[in-house]
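For reference, the structure discussed in these notes is given below.
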Amino acid sequence: MAEYYVPAQNSETEFTEKRSRFIGHLWRVESEEEAREKIAQTKAKYYDARHNCWCYLIREGGITRYSDDGEPQGTAGQPMLEVFRREGVENVCCVVTRYFGGVLLGTGGLLRAYTRSAKDALEAAGVAVVRQWVQTAVECPYNFLERVKGEIAAAQGILGEIAYGVQVRIPALLPVEHWEAYAARITELTGGKVAAEHLGETFQAA
């Protein structure tokens, strides 16, 4: 399965534009039902706001939906959606809550404000890649610890929680395409005394 991008975590951001408060909420979701639930919860929490504009993109089925929630057509939900399309981020739900400050922003001002709010929320959340990983571990003498950590970094892997005992056990997640080269390097740098364990494979965000 090809890799794809999702929000690394949930986020909430806020800024004020001409006395209007814009609060951006972003979640990683796995289904349209989950996205709808987040939107409903946000509308209930911010029931006194003038607008709760929203969008979501679900990878399975290629589902995309958006709403301007009373703002002029094309000034809120769709610009928000375009932020995530441009960044290639999927399985995302975003709601921007607006408390009207009494000053009209115009269509251009609204478009910029809702775009900014979605961008800010995505930047705060960060982006993770969902891909195929190999779960691996290396058990070796302490003097190899830093070199193994260096090989994990070189293989674009993610270091796990190291266990310290008679020897040190170093778990990691490695992109599946880098596994064979990594295993060969571990054998090489330990003079054949240590082998990297292949503990299984997983498809996940990391």
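In what follows, every heavy atom counts, from backbone to side chain, and hydrogens, waters and symmetry copies are set aside. Quick caveat: nothing in here was measured; it's all calculated off a predicted structure.
If you take CH2 on W133 and OG1 on T202, they are separated by 10.0 Å, rounding to the nearest 0.5 Å. The distance from the OG atom of S11 to the CG atom of D120 is 9.0 Å, given to the nearest 0.5 Å. Atom OH of Y47 sits about 12.5 Å away from atom CG of N52, to the nearest 0.5 Å. One finds the CD atom of E87 at 12.0 Å from the CG atom of L57 (value rounded to the nearest 0.5 Å). Interatomic distance, Q135 CD to W179 CH2, rounded to the nearest 0.5 Å: 11.5 Å. Atom OG1 of residue T97 and atom CZ of residue F22 lie 10.5 Å apart, to the nearest 0.5 angstrom.
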* To do: Evaluate side chain to side chain contact (heavy atoms under 4.5 Å, CB included) for T136 paired with Y182, printing each intermediate quantity in order.
  => CA-CA 10 Å; T136 181; Y182 170 78; 4.2 Å; yes

* To do: Quick one: do E32 and R65 satisfy salt bridge (Lys or Arg N to Asp or Glu O under 4.0 Å)? Show the steps, please.
  => CA-CA 9 Å; E32 185 170 18; R65 302 279 187 272; 3.6 Å; yes

* To do: Mind running ring pair (Phe, Tyr, Trp, His ring centres under 6.0 Å) on H25 and Y46 for me, showing each step along the way?
  => CA-CA 12 Å; H25 320 269; Y46 297 93; 5.0 Å; yes

* Begin with the C-alpha distance, continue with both residues' side-chain angles, and end with the deciding distance and a verdict on salt bridge (Lys or Arg N to Asp or Glu O under 4.0 Å) for E177 and R131. => CA-CA 10 Å; E177 65 271 20; R131 67 193 304 179; 2.5 Å; yes

* To do: Please step through side chain to side chain contact (heavy atoms under 4.5 Å, CB included) for the pair T64 and Y56, ending with a clear verdict.
  => CA-CA 6 Å; T64 59; Y56 56 82; over 6 Å; no

* Could you go through the side chain to side chain contact (heavy atoms under 4.5 Å, CB included) check for L110 and L104 one step at a time? => CA-CA 9 Å; L110 288 172; L104 296 174; over 6 Å; no

* Carefully, step by step, assess M80 and T115 under the rule side chain to side chain contact (heavy atoms under 4.5 Å, CB included). => CA-CA 5 Å; M80 291 160 57; T115 298; over 6 Å; no

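Using modelled atom types and a 3.5 Å distance limit, the side chains of S20 and R98 yield a donor-acceptor pair.
The shortest heavy-atom contact between T13 and S117 is OG1-O, 4.0 Å. The two atoms that bring C140 and V148 nearest to each other are SG-CG2, 4.2 Å, heavy atoms only. What you find for I186 and A195 is that their closest heavy atoms are CG2-C, 4.4 Å. Taking both residues in full, the closest heavy atoms of C93 and K38 are given as SG-CB, 4.3 Å, listed atom of the first, atom of the second, then distance. Scanning all heavy atoms of the two residues, the minimum distance from E17 to F15 falls at CB-CE1, 4.0 Å. In terms of heavy-atom proximity, V168 sits nearest to Y142 at N-CE1, 4.0 Å.
Linking ILVMFWY side-chain heavy atoms closer than 4.5 Å, directly or via other members, places F144 and L174 in a single hydrophobic cluster. Note: the hydrophobic cluster containing L105 also contains V96 (ILVMFWY, side chain heavy atoms under 4.5 Å, direct or indirect links). Following chains of ILVMFWY side-chain contacts shorter than 4.5 Å, one cannot reach F203 starting from V176, and the two form parts of different hydrophobic clusters. By the rule that hydrophobic residues join a cluster once side-chain heavy atoms approach within less than 4.5 Å of another member, L81 and Y4 end up as members of separate clusters. W27 and V92 fall into different hydrophobic clusters, defined by Ile, Leu, Val, Met, Phe, Trp and Tyr side-chain heavy atoms under 4.5 Å apart, directly or through other members.
E30 and R28 are joined by a salt bridge, as a carboxylate oxygen and a charged side-chain nitrogen come within less than 4.0 angstrom of each other. A salt bridge does not link R50 with E71: every distance from a Lys NZ or Arg NE/NH1/NH2 to an Asp or Glu carboxylate oxygen is 4.0 Å or more. A salt bridge does not link R185 to E180: none of the charged side-chain nitrogens sits closer than 4.0 Å to a carboxylate oxygen.
Looking only at distances, a side-chain donor or acceptor of H178 sits under 3.5 Å from a matching main-chain atom of A155. Using a distance-only test at 3.5 Å, with no hydrogens or angles considered, a donor-acceptor pair links the side chain of T187 to the main chain of A183. A distance-only check finds a donor-acceptor pair linking the side chain of S31 to the backbone of E34 [under 3.5 Å]. At distances below 3.5 Å, not a single donor-acceptor pair connects side-chain atoms of D69 with backbone N or O atoms of H51. Side chain of N91 to backbone of I58: no donor-acceptor contact under 3.5 angstrom is found. Listed for the T75 side chain is no donor-acceptor partner under 3.5 Å among the backbone atoms of L111.
The neighbour count for R112 CZ, taken as heavy atoms of other residues, nucleotides or ligands under 6.0 Å away, does not exceed 12. By the 6.0 Å contact criterion, OH on Y66 is open, its count of non-hydrogen atoms from other residues, nucleotides or ligands being 12 or less. Applying the 6.0 Å contact sphere to CD of E123 captures no more than 12 heavy atoms from other residues, nucleotides or ligands.
Within the 4.5 Å cutoff, no side-chain heavy atoms of C94 are placed close to those of W54. Counting heavy atoms from C-beta on, the side chains of V134 and H198 come closer than 4.5 Å. With contacts defined as side-chain heavy-atom distances shorter than 4.5 Å, the pair V89/P7 qualifies. I170 places a side-chain heavy atom less than 4.5 Å from the side chain of L145.
Applying the side-chain hydrogen bond (donor to acceptor under 3.5 Å, both in side chains) test between E82 and each of R85, Q78, R86 identifies R85 as the sole match.
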